[in-house]
Amino acid sequence: MTRYVFITGGVVSSLGKGLASAALAALLQARGYKVRLRKLDPYLNVDPGTMSPTQHGEVFVTDDGAETDLDLGHYERFTGVPATRADNITTGRIYLDIITKERRGDYLGATIQVIPHVTNAIKEFVLDGNDAYDFVLVEIGGTVGDIEGLPFFEAIRQLGQELPRGTCAYVHLTLLPYIPSAGELKTKPTQHSVAELRSIGIQPDILLCRCDRPIPREERRKLAQFCNVRESAVIEARDVSTIYEVPLSYREEGLDREVLAHFGLDGGTEPKLDRWRQITHRIKNPEGEVAIAIVGKYTGLKDAYKSLIEALSHGGIANRVRVNLEWIESEVFEREDPAPFLEGLHGILVPGGFGQRGAEGKIRAARYARERKIPYFGICFGMQMAVVEAARSLAGIPEANSSEFGPTPEPVVGLLTEWMKGNELERRMAEGDLGGTMRLGSYAASLAPGSKIAEIYGGTRIAERHRHRYEVNMAYRERLEAKGMRFAGLSPDGLLPETVEVVGHPWFVGVQFHPELKSRPFEPHPLFSSFIAAAIEQSRLV
Ligand code: GLN
């Protein structure tokens with residue numbers, strides 16, 4: 001039997017609903033249950049692909065090529081189960097499907113309404129494909145009271161009545177702010193938020209209360225009474241120092257026990273959490289540290305680089321070191337010499353990015369790393385800029401550039417208009433739609449035997465997730481290879497460059513894909529483990 005847990009949020013946004021959902025999933029998994037996680041996003045974009053990372057954070061790409069919410073990254077990292085296109089839906093997607101059907105005449109003259117058409121579409125999405133799972137955790141984006149969220153709350157309310165008795169639970173994540181002048185954790189915002197939820201017909205079963213200190217008995221009692229939940233269902237979700245400690249802290253507070261009790265399941269046995277204890281211990285007790293520069297463009301909002309930050313920390317876990325990140329706006333290097341900023345750092349990473357702003361700064365960072373023999377990791381845009389740099393400074397092509405920034409006589413990076421996906425030819429036009437039209441999802445690559453990249457992966461055949469519109473131009477391969485930039489990884493048909501490396505440099509690797517999306521705490525990605533290992537070597541030199 002499949003059981004549903006709906007996770008909603010109240011009081012303020014950014015309480016970490018995605019993380020809370022992922023951590024609960026991990027706890028249930030540690031008890032041997034099969035768990036699936038899904039996310040409902042109330043905004044009107046069809047997917048987050050066209051949204052600015054500074055507004056919405058990173059776009060998480062799945063193997064099957066969907067551009068999804070960054071919470072799906074938490075889901076994957078915490079459960080090890082790869083997310084798919086079918087795990088995330090938005091209001092925009094639902095309306096697009098409904099309106100397409102309406103135009104086709106599929107509704108046979110009916111008036112199309114939020115209830116039942118939109119709510120039915122949401123319910124169908126929630127219920128689809130869950131047979132193999134013991135638990136399906138469904139996170140609703142935004143906070144209760146948001147206008148866009150209403151159809152989603154209505155749909156999950158209806159499901160509570162339609163699914164078999166005892167197969168649904170509602171978990172509400174709220175905030176208990178500490179007010180210093182009163183010296184108290186305040187429960188009123190939670191009371192209001194639960195009142196709001198109840199006004200639309202949803203009675204939460206469990207309250208997950210974010211707070212920065214223990215919740216006194218009296219406040220627990222008050223919350224239970226005013227919010228109409230059991231006292232044991234008021235769960236403290238106190239701030240912890242690493243996100244990988246969250247499943248352990250929820251276990252301490254009895255969240256899993258309460259969820260199981262709700263479903264009438266036995267929570268008496270201990271979940272297997274040893275591996276969580278191990279990584280938490282490793283993170284808290286590093287044996288050394290390295291400093292990595294991230295030269296990017298969205299450095300103001302760290303959520304824009306969520307998976308990257310996690311993957312670097314996994315590289316640290318693999319090498320038992322703390323990875324300290326130095327965030328540098330690449331535009332700074334267009335005005336100033338990079339040396340004073342980068343001296344003393346042990347590795348330089350230029351992440352994915354879009355558009356011309358800051359590109360020359362990234363090129364200067366790549367040059368600094370190449371010339372000074374500092375470990376350099378270029379991801380997607382970071383690889384493209386490293387190739388432009390090598391073309392200009394090594395291969396004698398001063399006008400080398402990317403056609404992403406406008407017409408150029410030397411398109412060392414050019415628009416990708418045709419490529420193979422499996423056996424199918426995919427085609428794009430320069431003036432086509434921006435949404436969902438990049439080279440997206442998992443593609444295989446072949447790595448040259450004996451190359452650095454093959455050594456790092458310990459093999460020559462890989463598959464990684466992509467999200468790009470431009471590519472390094474094969475027409476420049478010979479000239480670049482003659483000067484030591486090796487095209488070591490190629491698409492299986494040999495037509496698209498997938499990785500480059502600088503021969504004779506301790507660690508200079510560019511990859512056209514996004515390895516950070518597949519790194520997990522229990523399986524750190526080999527590129528990140530190797531990059532951090534190289535940074536440790538570098539730290540011994542400086
Ligand atoms: N803007 C570049 C492209 O579209 C790089 C994209 C990225 O870094 N994800 O090819």
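Keep in mind the model is a prediction, meaning the values are calculated, not measured. Counting starts at 1 for both ligands and their atoms, following the listed order. Position 1 is the first residue of the sequence; numbering continues from there.
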Student: With rounding to the nearest 0.5 Å, note down the distance linking CD1 in I243 to CZ in F78.
Tutor: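 It comes to 4.5 Å.
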
Student: May I have all residue pairs that pass side chain to side chain donor-acceptor pair (under 3.5 Å) and include part of residues 352-364, sequence neighbours excluded?
Tutor: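 Applying side chain to side chain donor-acceptor pair (under 3.5 Å) to every pair that reaches into residues 352-364, excluding sequence neighbours, yields E331-R357, E360-R392.
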
Student: What residue pairs, at least two apart or across chains, pass side chain to side chain donor-acceptor pair (under 3.5 Å) with a residue in residues 529-541?
Tutor: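 Qualifying pairs, neighbours excluded: W507-S530, E537-R540.
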
Student: Got a sec, which residues hit side-chain contact (heavy atoms from CB on, under 4.5 Å) with L44, two or more places apart in sequence or on another chain?
Tutor: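 Listed in chain order: T91.
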
Student: Output the set of protein residues with a heavy-atom contact under 4.0 Å to ligand 1, ordered first by chain identifier and then by residue number.
Tutor: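 Contacts of ligand 1 under 4.0 Å: G352, G353, F354, C380, F381, Q384, E404, R467, H468, R469, Y470, H514.
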
Student: Please determine, by modelled atom types, if T499 and Q512 share a side-chain donor-acceptor pair under 3.5 angstrom.
Tutor: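 No, Q512 and T499 have no side-chain donor paired with an acceptor closer than 3.5 Å.
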
Student: Looking at F125, does the NZ or CZ of R38 lie under 6.0 angstrom from its six-membered ring centre and within 45 degrees of the ring axis?
Tutor: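 Yes, R38 sits over the ring of F125.
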
